[in-house]
Amino acid sequence: MIVLYSKEFYSEEIYKDVMKLWKNFKHDIKHSNRFFVGEEIVKLLDEINMSSKNFNSDYNIMSGYTIENTLFYRARIGNFIHSSNKEMLSPPMNKATSGRCNPMGISYLYLTNNVETAINEVKPTKGDIITIAEVNVKKDRIFSFNILKYFNEKKSDEYLKSKKLEVLIDIINDDLSSIIKSNKDIDYLPFQFLAEYIKKR
């Protein structure tokens, strides 16, 4: 699960350097080198210490916010009240199409922390029946790029070792919240790379 964070202010020079790095990465993965790409981006992201022992128990790994509950939601158009729970989970691998975070053929379950967003995501029309599933997620299974708030509150640079890394995280958050309307399969590739990187770590 990825939670967005508002952009910090940085020197123009650092911001431009990191933005150039991010844009080059996106161009490479979309148009030049699909499977062996992102070395500079990964070097920066690898600086984040993702060990849960570094966080207070009230914080999940890299979340930067307190988890008050671990209840999330998924919506589907149709009446699935009497169906198997599997109908409200991720699609079978052979039906997994490309999404913002998942490559084609790799099944992801997309969730949100509020019902309204879940409904909006399925784009219902007037008269549609919507089924909402409540999904409990283990606290230690939640990942977020919303880490800057936590580190700033703790006034610690133990986890983020460079200003460039902070800038990169803000740029990624801005991009994750952007609307993709054109060639979505290609434009999803940078985010799919990030999701696979997170899973590996």
Side-chain angles (χ1 to χ4, degrees), residues 1-5 26 29-30 34-35 38 41-42 45 48 50-52 55 57-125 128-147 149-150 169 172-181 183-201:
M1 173 151 191
I2 298 175
V3 182
L4 305 180
Y5 184 67
K26 291 202 300 181
I29 199 170
K30 288 192 280 187
R34 188 65 41 87
F35 298 107
I41 293 292
V42 168
L45 293 175
I48 303 171
M50 293 178 69
S51 172
S52 59
F55 292 85
S57 60
D58 290 337
Y59 286 80
N60 64 284
I61 295 176
M62 285 188 66
S63 75
Y65 66 100
T66 303
I67 299 295
E68 296 177 355
N69 62 67
T70 54
L71 190 63
F72 296 94
Y73 304 94
R74 192 217 169 174
R76 283 193 71 184
I77 295 176
N79 186 345
F80 297 96
I81 294 298
H82 302 294
S83 301
S84 165
N85 284 344
K86 290 182 180 179
E87 292 289 339
M88 295 300 293
L89 296 176
S90 54
M93 287 185 293
N94 62 337
K95 292 186 177 180
T97 58
S98 179
R100 185 180 286 261
C101 290
N102 71 291
M104 181 175 290
I106 300 179
S107 186
Y108 274 37
L109 176 61
Y110 288 85
L111 303 172
T112 179
N113 59 0
N114 68 79
V115 172
E116 290 78 12
T117 300
I119 294 171
N120 289 332
E121 284 294 314
V122 298
K123 300 177 176 62
T125 57
D128 282 342
I129 294 173
I130 307 294
T131 304
I132 306 290
E134 294 182 344
V135 182
N136 282 300
V137 181
K138 291 181 180 179
K139 184 186 287 190
D140 63 359
R141 299 294 294 171
I142 299 172
F143 171 88
S144 172
F145 273 112
N146 187 27
I147 55 179
K149 178 182 177 183
Y150 174 72
I169 290 169
I172 289 172
N173 279 332
D174 284 347
D175 239 359
L176 280 167
S177 63
S178 64
I179 297 173
I180 296 176
K181 293 181 178 179
N183 188 350
K184 63 180 182 180
D185 288 344
I186 291 292
D187 290 332
Y188 284 159
L189 286 170
F191 309 120
Q192 293 171 358
F193 177 94
L194 288 174
E196 294 295 297
Y197 164 85
I198 292 163
K199 282 166 56 180
K200 181 180 178 183
R201 296 221 32 209

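The shown structure was predicted, so the numbers you read here are calculated from the model rather than taken from an experiment.
- Annotation: side chain of V135 is not in contact with side chain of L71 (no heavy-atom distance under 4.5 Å).
- No donor-acceptor pair closer than 3.5 Å links the side chain of Y110 to the backbone N or O of E121.
- The number of heavy atoms from other shown groups lying within 6.0 Å of CG (N79) is above 12.
- Taking OG of S98 as the reference point, atom CG of D187 lies at 10.5 Å (rounded to 0.5 Å).
- Taking D175 as the reference, W22, K26 meet the side-chain hydrogen bond (donor to acceptor under 3.5 Å, both in side chains) condition, with sequence neighbours excluded.
- Heavy-atom minimum distance, Y108 versus A195: OH-CB, 3.5 Å.
- Of all the heavy atoms in I186 and R34, the pair that sits closest is CD1-NH2, 4.2 Å.
- Proximity of a side-chain donor or acceptor of T131 to a complementary backbone N or O of G78 within less than 3.5 Å is detected.
- The shortest distance between side-chain heavy atoms of K200 and V42 does not fall below 4.5 Å.
- In the model, T117 has no side-chain atom that pairs as donor or acceptor with a side-chain atom of N120 under 3.5 Å.
- If you take CG on L109 and CE on M88, they are separated by 9.5 Å, rounding to the nearest 0.5 Å.
- The CD1 atom of I81 sits 9.5 Å away from the CD1 atom of I132 when rounded to the nearest 0.5 Å.
- Looking at residues two or more places apart in sequence or on another chain, you find no ring pair (Phe, Tyr, Trp, His ring centres under 6.0 Å) involving Y73.
- Residues I106 and K199 share a closest heavy-atom pair of CG2-NZ, 4.0 Å.
- Atom CD1 of residue I41 and atom CD1 of residue I29 lie 10.5 Å apart, to the nearest 0.5 angstrom.
- For the salt bridge (charged side-chain N to carboxylate O under 4.0 Å, His left out) condition, the pairs that include at least one residue of residues 73-95, sequence neighbours left out, are R76-E87.
- A distance of 9.5 Å separates OG of S90 from CG of L111, quoted to the nearest 0.5 Å.
- Summarising the geometry, atom SG belonging to C101 is positioned 8.0 Å from atom CG belonging to L194; distances are rounded to the nearest 0.5 Å.
- When all heavy atoms of A75 and V122 are compared, the pair lying nearest together is O-CG1, 3.2 Å.
- Taking the side chain as every heavy atom from C-beta outward, I77 and I129 never approach each other to under 4.5 Å.
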